[in-house]
Amino acid sequence: MGVLNVTPDSFSDGGLYLDPERAVAHGLELARQGADVVDVGGESSRPGAEPVSEREEMRRVVPVIEALSPHVRVSIDTVKRAVAEAAVTAGATLVNDISASLWPVAAESKVGWVAMHMQGEPRTMQQDPRYDDVVADVVAFLRTRAGAAVEAGVHDVWVDPGIGFGKTTAHNLALLHRLPELLSVGFPVLVGTSRKSFLGRLAPDDSGQPSDAAHRLPGSIATATWAMLAGASMVRVHDVPSAVQAATLVGDVHLPQATGGPVGLDEGQSLKTTAGSKR
Ligand code: HH2
């Protein structure tokens, strides 16, 4: 899933694609680079972001979705029902919902739905996030919401742990370490770590400051690869070519071997030897 933010203030690509023509060109480029889905958003959800009016959000996303949807699957990244409906009318077939509450729209419109976990709301979510057990809380929440969506008749349901949404670095790492627990809920898992600030905190620059968004590609791809190896079915990324390369490698590692030998990363087996044995 390639990210296309049609916003002035998104944390890493804000302002780059506010012009519809540039947004469409970038969306087509993401598809050409190998994105299966282009995720169009008209409101930033970065920590501290201010909400945008329904009218303005629609004005940003609808023309872009109309132009892209004949060429690539489009998801709409919104928490507003009216925006989701307008986006589906414009051609989006997946509602990417960081509020995990728009499943009735997906049910009525017969499109897919991503339920993402978030503690609090973007303006304040990073102030002091706390959990007894972040993984157990996220799994229980997503199980309930995904179940409600299935009951309402949504056929294409995804769950997403919401990396960075009301979570400390330790919470994010716990969710990655224990991703198989989320898989056990029984829905395909989407993970978005791309360029997020915890990667900057884990990899400070030479002056000891957290690295900025432009310097978080290694961590973005490492965590995307980690999520894919743990079983995630989709990763949400800004840098599609690098993620496609990682996905190709992970996909190769999981292919059944013609010799009937062990598949995947067994004990004592390195990624290199497993992939190399088939080439
Ligand atoms: N992260 C962001 C936005 N939408 N949707 C899902 N399902 N999962 C995520 O992890 C996720 C998401 C935040 O990233 P970005 O869109 O790059 O920034 P901004 O919210 O500032 O527009």
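Counting begins at 1 with the first residue of the sequence. Predicted model, so just to flag it, every value in this text is computed and none were measured. When a ligand or atom number is given, it counts from 1 through the structure's own listing order.
For the residue pair Asp205/Ser211, the side-chain donor-acceptor check at 3.5 Å is not satisfied. Ser99 and Asp97 are linked by a side-chain donor-acceptor pair at a separation below 3.5 angstrom, with hydrogens and angles left out of the test. Side-chain contact of Thr78 with Glu43: a donor-acceptor pair under 3.5 Å is absent, judged by distance alone.
Applying the 4.0 Å criterion to heavy atoms of Ile98 picks out, from ligand 1, the atoms 4 (N), 5 (N), 12 (C). Distances below 4.0 Å separate heavy atoms of Gly192 from the following atoms of ligand 1: 10 (O). Which parts of ligand 1 touch Phe11 is read off a 4.0 Å heavy-atom cut-off, strictly below it: atoms 14 (O), 15 (P), 17 (O), 18 (O), 21 (O). Residue Asp77 has at least one heavy-atom neighbour below 4.0 Å for each of these atoms of ligand 1: 3 (C), 4 (N), 12 (C). Set against the non-hydrogen atoms of Asn96, the atoms of ligand 1 under 4.0 Å away are 5 (N), 6 (C), 7 (N). Set against the non-hydrogen atoms of Ser10, the atoms of ligand 1 under 4.0 Å away are 19 (P), 21 (O), 22 (O). With ligand atoms numbered from 1 in the order given, ligand 1 contributes 15 (P), 16 (O), 17 (O), 18 (O), 22 (O) to contacts under 4.0 Å with heavy atoms of Asn5.
In summary, Asp156 and Arg73 engage in a salt bridge, as defined by a charged side-chain N under 4.0 Å from a carboxylate O. Salt bridge absent: Arg22 and Glu29 never bring a charged side-chain N and a carboxylate O closer than 4.0 Å. For the pair Asp239 and Arg195, the salt-bridge criterion is met [side-chain N within less than 4.0 Å of a carboxylate O].
Remark: the backbone N or O of Ala100 is paired with a side-chain donor or acceptor of Arg145 at under 3.5 angstrom. One N or O on the side chain of Gln119 and one on the backbone of Arg130 form a donor-acceptor pair closer than 3.5 Å. Between the side chain of His171 and the main chain of Thr168, a donor-acceptor pair closer than 3.5 Å is present.
Of the heavy atoms in Leu190, only side-chain atoms (C-beta onward) come closer than 4.0 Å to ligand 1. With a 4.0 Å cut-off on non-hydrogen atoms, Asp9 does not touch ligand 1 at all.
For the pair Phe165 and ligand 1, a heavy-atom separation below 4.0 Å is found.
Proximity annotation for atom 10 (O) of ligand 1: of Met1, Arg236, Met116, Lys196, Lys196 comes nearest, heavy atoms only.
At least one N or O atom of Ser44 sits closer than 3.5 Å to an N or O atom of ligand 1. Note: an N/O pair closer than 3.5 Å links Asp160 and ligand 1 by distance alone. Considering backbone and side-chain atoms together, Ser12 places no N or O closer than 3.5 Å to any N or O of ligand 1.
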message = Between Lys167 and His117, is the side chain to side chain donor-acceptor pair (under 3.5 Å) condition met? List the steps.
response = CA-CA 10 Å; Lys167 285 148 193 126; His117 177 275; 2.8 Å; yes

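Summary of contacts: the protein heavy atom closest to atom 17 (O) of ligand 1 is His238 NE2, 2.8 Å.
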